[in-house]
Every structure is written in C-alpha cells, then in structure tokens.
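All remarks here apply to the structure that follows.
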Protein chains: 2
Amino acid sequence: MTEKQEKILQAALELFARDGFSSTSTSKVAAHAGVSEGLIFRHFKNKEGLLEAIIKEGEVKARTLFADIVLESDPKEVIRKTIDMVLNISSNRADLEFWKLQYKIKWETEKYGEHKMEPLHLALTSAFTKLGYVSPELEASLLLIINDGLATRIALQKGFKCETLTSFLKEKYQV
Amino acid sequence: MTEKQEKILQAALELFARDGFSSTSTSKVAAHAGVSEGLIFRHFKNKEGLLEAIIKEGEVKARTLFADIVLESDPKEVIRKTIDMVLNISSNRADLEFWKLQYKIKWETEKYGEHKMEPLHLALTSAFTKLGYVSPELEASLLLIINDGLATRIALQKGFKCETLTSFLKEKYQV
DNA sequence: TATTAGAAAGTAAGTACTCACACAAGTAAT
DNA sequence: ATTACTTGTGTGAGTACTTACTTTCTAATA
C-alpha cells in the first residue's frame, strides 16, 4: 500500500468516525488526506469500497484482539480478559476512535457482524462451563451483551467512567 | 397539528429509521408523505427541525414508558418491569421502529440522553437498596447498560431472540 | 380581508464519479 | 546507451445529478 493510500484510509477513518459515513463526502476525505479526489476512486473504486477497506481492517484487528482471549486456558482469565478488553480500548485514544467507527458503521449499515464474535462466545461458554455455571451459554451471551452496552456508553456518553463498572463486574464474576 | 404535518412526521420516522437521517433527503420524505417538499420547510423550518420534532416525540414516549416503572413500590417489580420493557418494545413492530430510530439518532448525532434515564436509574437504585444489594447504584447502572446492549442486538442482529435472555435475567435477579 | 396551508418551480451549492492527461519507473529491443 | 512501450500513481477540470432550502403563486378559511 502506497503512502497516499494510507493517508486516504486514515482521513476516511477520522471523518467517518466523527461525522458518519453518509455525511462525509469524498471531496472532504480527499482534502483532509491532502490528495486529489480522483485518487480515492483509483485506489478504492467507490466510496463504498473505501468503507469496505475500513471494515476489513476492523475484522483483522478484532481477530488479533480475540486471539489472546481465546487461547487462554484458565477460565477465570478468559472472563477477566473479556471484561478488560473494553476497558483497554476505551483508554487508548486512537483505538477508541477506531472502534467507535466500527459501531457507528454497524448502526448506519445495520449489519451486525455476529460471526466475528463467535470464537469469543465459544471461549466464554467453555469458561463458564468449567466454572460450573448453570447456563454457561446464556452467561456468555449476557457478558457479550454487557460489553455492547458498555461500548455504547463509552462512545456516546461523554465523561462515562468505565473503570468503576468493569471492576464491579470483575468482582461479580470473581475474576 | 394538521393532517399533512402528521404525514410528514410519519414518513420521516419511517425513512430516518430505515436509511438514517443524513441518507434521507427532504425530497424523499415529501414524496413518501405525498406532499410538496416546500411544505416540510413551512412546518418544520429545516431538516434539523424535522429531526427535533421526532426526538421530542421520543422524549414524551420515554417519560410515559418510565412512569409506570418509577411509580411502582415493590422493588422486585421495578426490576422486572425494567427488564420486560425492552421485551415489550421488541415485540411491537411500530414501537420497535420508533425506538430503533431513537438509538440510530443517538449514534448519528452522538448525543446520549442520559438525563432521560435518570428517573429510572434512581428508581432502580432504590429498588436494589431495598433488596439489600451491596452496590445498589452500580447494580442499577449495570442493568441499564444491559438494556442498552439488548437494544443494540434487537435493532441490529436480525433473528435475535430476546426472550430467552430476558427470562434468564429475571431468573438471575429473582424477580 | 388577512392569514394560513399548500403546490410548483425555482436556486446555488454539493454529490459521487469520470476523463484526459502528466510523470514517473521498469522492461525490452535496437 | 538510447529508444520505445507498458504500467501504475497522481492531478484537475469536468460530468450529470441531488441536495437543502426559497420564492412565487393559488385556494381556502376565519
């Protein structure tokens, strides 16, 4: 990938995250990236192609993020790392912007990437099973739903302090 | 409010919920409502005004929805009704569309109406206190966050069965 | 008669996207 | 070494069309 190609992606990421996909014009992306507008279409074919490139990047990042959790053998660690994941993301500026965009895209395109979550869901189910929970599969679903709720707050509720809730959760699950 | 005014609002609600605010043009709203485009600007001043009218409607609906819960004296009922609230919404087509739009707007405008949730949060805190929970305020926050997560799934994950999770929750809270 | 609801036809600015062209850098043949 | 040809990166001006919003007009009603 060339230097300007990366600049376009970075500019699109920033503007899409701030203003939304359909509120961001290709001319704005080009101006913000410091390139000509035509270059966007040369490299990404359409505006949609630009979005897809960003989504793909998100899928890769998600996989590497989950890998560390899924490979964990200690069930308590699986749960703890899942809870901490959202905390880690929220504490890093660049990561926060990136994942906020991924959620924004979900709401704008109305496609929920449930398949992306499946390995994590399986790992959590097995963890809750090992710990003797009565409904491990539902417990896993619930924890992921809590993470979705937390993500919503982190992204939209300015000044939301995530840490108090994550440590409360870790206490609850005794991890 | 005149007949055509209501038609405009209804059309805007449907299109904003389906395609998003900025992807929906005033001309499309007018066509869908069967009125001239200019009429939108006569009655709502601008596109933003149309959105505000819908948001205001949402605030009214939210208040009446919470009223029943807040006035409840039995702490277990407060918790049960809070959990069932999201289930009730998801089972009604028109309501679902309406609340989906409210969430969509939140993500598009990045304004989280936390003040709207405050009475419910207080009612839940008092309920958890009465039931002797160790951290009633955090428990209240957690339940509302779970509701946010559930709303995300209901709106975005097609085929999501909400009922299994809500009954699981009611079991967990013993309500 | 004055005010309002409504339609129809505008407007200027913006939209996604295309096109012709320039400038390299590599490759191969002379 | 020079020439010719391809290939990929990049630009800037243009395309047809859509956008939010205005203006001008009419018909009804209080």
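These numbers come from the heavy atoms of this one structure, side chains and all, not from hydrogens, waters or symmetry mates.
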Quiz question: by atom type and distance under 3.5 Å, do the side chains of Gln10(A) and Glu6(A) form a donor-acceptor pair? no

Taking atom types as modelled, is there a side-chain donor on Thr26(B) or Glu37(B) under 3.5 Å from an acceptor on the other? yes

Lys/Arg N to Asp/Glu carboxylate O, [X] vs [Y], below 4.0 Å:
X: Lys100(A); Y: Glu97(A); value: no
X: Lys170(A); Y: Asp84(A); value: yes
X: Glu110(A); Y: Lys104(B); value: yes

DNA chain C: 5'-most and 3'-most nucleotides touching chain B, 4.0 angstrom heavy-atom criterion: dA5(C) to dA7(C)

Stepwise, does the ring-ring contact (aromatic ring centres under 6.0 Å, His included) test hold for Tyr173(B) with Phe168(B)? CA-CA 9 Å; Tyr173(B) 286 106; Phe168(B) 176 59; 9.8 Å; no

Rounded to the Å, how far apart are [X] [atom1] and [N] [atom2]?
X: Ile40(B); N: dA20(D); atom1: CD1; atom2: P; value: 9 Å
X: Phe41(A); N: dT15(D); atom1: CZ; atom2: C1'; value: 13 Å
X: Glu6(A); N: dG10(D); atom1: CD; atom2: P; value: 11 Å
X: His43(A); N: dG8(D); atom1: NE2; atom2: P; value: 12 Å
X: Lys47(B); N: dT18(D); atom1: NZ; atom2: C1'; value: 12 Å
X: Glu3(A); N: dT11(D); atom1: CD; atom2: P; value: 11 Å
X: Glu48(B); N: dT19(D); atom1: CD; atom2: P; value: 17 Å

dG8(D) base / Arg42(A) side chain donor-acceptor hit below 3.5 Å: no

Which part of the nucleic acid, if any, lies within reach of Glu37(B) when heavy atoms closer than 4.0 Å are counted: base, sugar-phosphate only, or nothing? base

Could you see if Leu131(B) belongs to whatever hydrophobic cluster contains Leu169(B)? Use Ile, Leu, Val, Met, Phe, Trp, Tyr and a side-chain cutoff under 4.5 Å.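 Yes; Leu169(B) is reachable from Leu131(B) via cluster members.
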
Could you check whether atom NZ of Lys45(A) has more than 12 heavy atoms from other residues, nucleotides or ligands sitting under 6.0 Å from it? no

Answer yes or no: is there a side-chain heavy-atom contact under 4.5 Å between Ile83(B) and Leu150(B)? no

Within residues 13-34 of chain A, find the residues that approach DNA chain D with a heavy atom at under 4.0 Å, and present them sorted by residue number. none

Can you find a side chain N or O atom of Lys4(A) that sits less than 4.0 Å from OP1 or OP2 on dT11(D)?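 Lys4(A) to dT11(D) OP1/OP2: side-chain N or O found under 4.0 Å.
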
